[in-house]
Amino acid sequence: MSELEALAAEVAQCTRCLLHQGRTKTVPGEGPDNADIMFIGEAPGFHEDQQGHPFVGAAGKFLEKLLESIGLTRADVFIANVIKCRPPGNRDPLPEEIEACKPFLDRQIELLQPKLVVTLGRFSMARAFPKARISRIHGQPRKIGGVLYYPMYHPAAALHQPSLRSTIEQDMHRIPELIEQAAQIAESPLPAEAEQLSLF
Ligand code: URA
């Protein structure tokens, strides 16, 4: 069993927050353990909770199309979420749920050491850019603490707001070039410093 698989087994036993009471399955995330790119979404929805796999509903179908547009499939990338259990009624994750699940996500990034971490949506973005607005920073890569983050809108945003679709597609199209340049992209100031410099 790989260390990522061992971590997934640990997630399956987790009772760190109340979400364990209502879950059908945990959704730890999945992908090759040598993936260059890691996508981090928000939280499992209905279908993910039923199946135990991330992004298998409508947003997942769009994510697959986006991947296809840059010559990738979901089998090429690691896909995870900020929290590993479905919030009731698909409500936003609570701060205590995000905090309880953080060690799992931290460890996944540490084990995977991806060249690029693509955050999907504001909850995922907030782990690297706590005070940023997604409308201002999407599509702008920044290296923080040795990890190259690339904030994007959540694919579900395009389902609710079709005008965002082309923005998401354009941001996705930059990914191959970012992977090429990953080693050259310089470390950014810490988020607090960046904020003072009004980068966000
Ligand atoms: N939305 C997410 O953020 N994650 C999923 O796994 C599915 C939908």
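Counting from 1, the numbers follow the sequence of the chain as shown. All ligand and atom numbering here is 1-based and tracks the order in the structure.
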State whether Arg174 and Glu177 are salt-bridged, where the test is any N-O pair (Lys NZ or Arg NE/NH1/NH2 against Asp/Glu carboxylate O) under 4.0 Å.
yes

Proximity flag His47 to ligand 1, non-hydrogen atoms under 4.0 Å
no

Note the single closest protein heavy atom to atom 4 (N) of ligand 1, along with its residue, its atom name and the distance in Å.
Asn81 OD1, 2.8 Å

One thing to verify: whether Glu110 and Arg107 come together as a salt bridge, which I'm taking to mean a side-chain N less than 4.0 angstrom from a carboxylate O.
yes

Under 3.5 Å, side chain of Glu48 to main-chain N/O of Gly57, donor-acceptor pair present?
yes

Ignoring angles and geometry beyond distance, decide whether Pro54 reaches within less than 3.5 Å of ligand 1 through its nitrogen or oxygen atoms.
no

Can you check which of Ala59, Gly45, Ala43, Ala156 brings a heavy atom nearest to atom 5 (C) of ligand 1?
Ala43

Is the ring pair Tyr149/Phe129 parallel, tilted or perpendicular, if the boundaries are 30 and 60 degrees?
perpendicular

Where ligand 1 meets Gly41 - atom numbers and elements under 4.0 angstrom, heavy-atom basis:
3 (O)

Counting only heavy atoms, which portion of Glu42 has something under 4.0 Å from ligand 1: side chain, backbone, both, or neither?
both

Can you pull out the closest protein heavy atom to atom 7 (C) of ligand 1? Residue, atom name and distance to 0.1 Å, please.
Glu48 OE2, 3.1 Å

Are the side chain of Arg74 and the backbone of Phe55 linked by a donor-acceptor contact shorter than 3.5 Å?
yes

I need the atoms of ligand 1 closer than 4.0 Å to a non-hydrogen atom of His154, numbered in the order shown.
1 (N), 2 (C), 3 (O)

Counting only heavy atoms not in Lys143 (residues, nucleotides, ligands), do more than 12 fall under 6.0 Å from its NZ?
yes

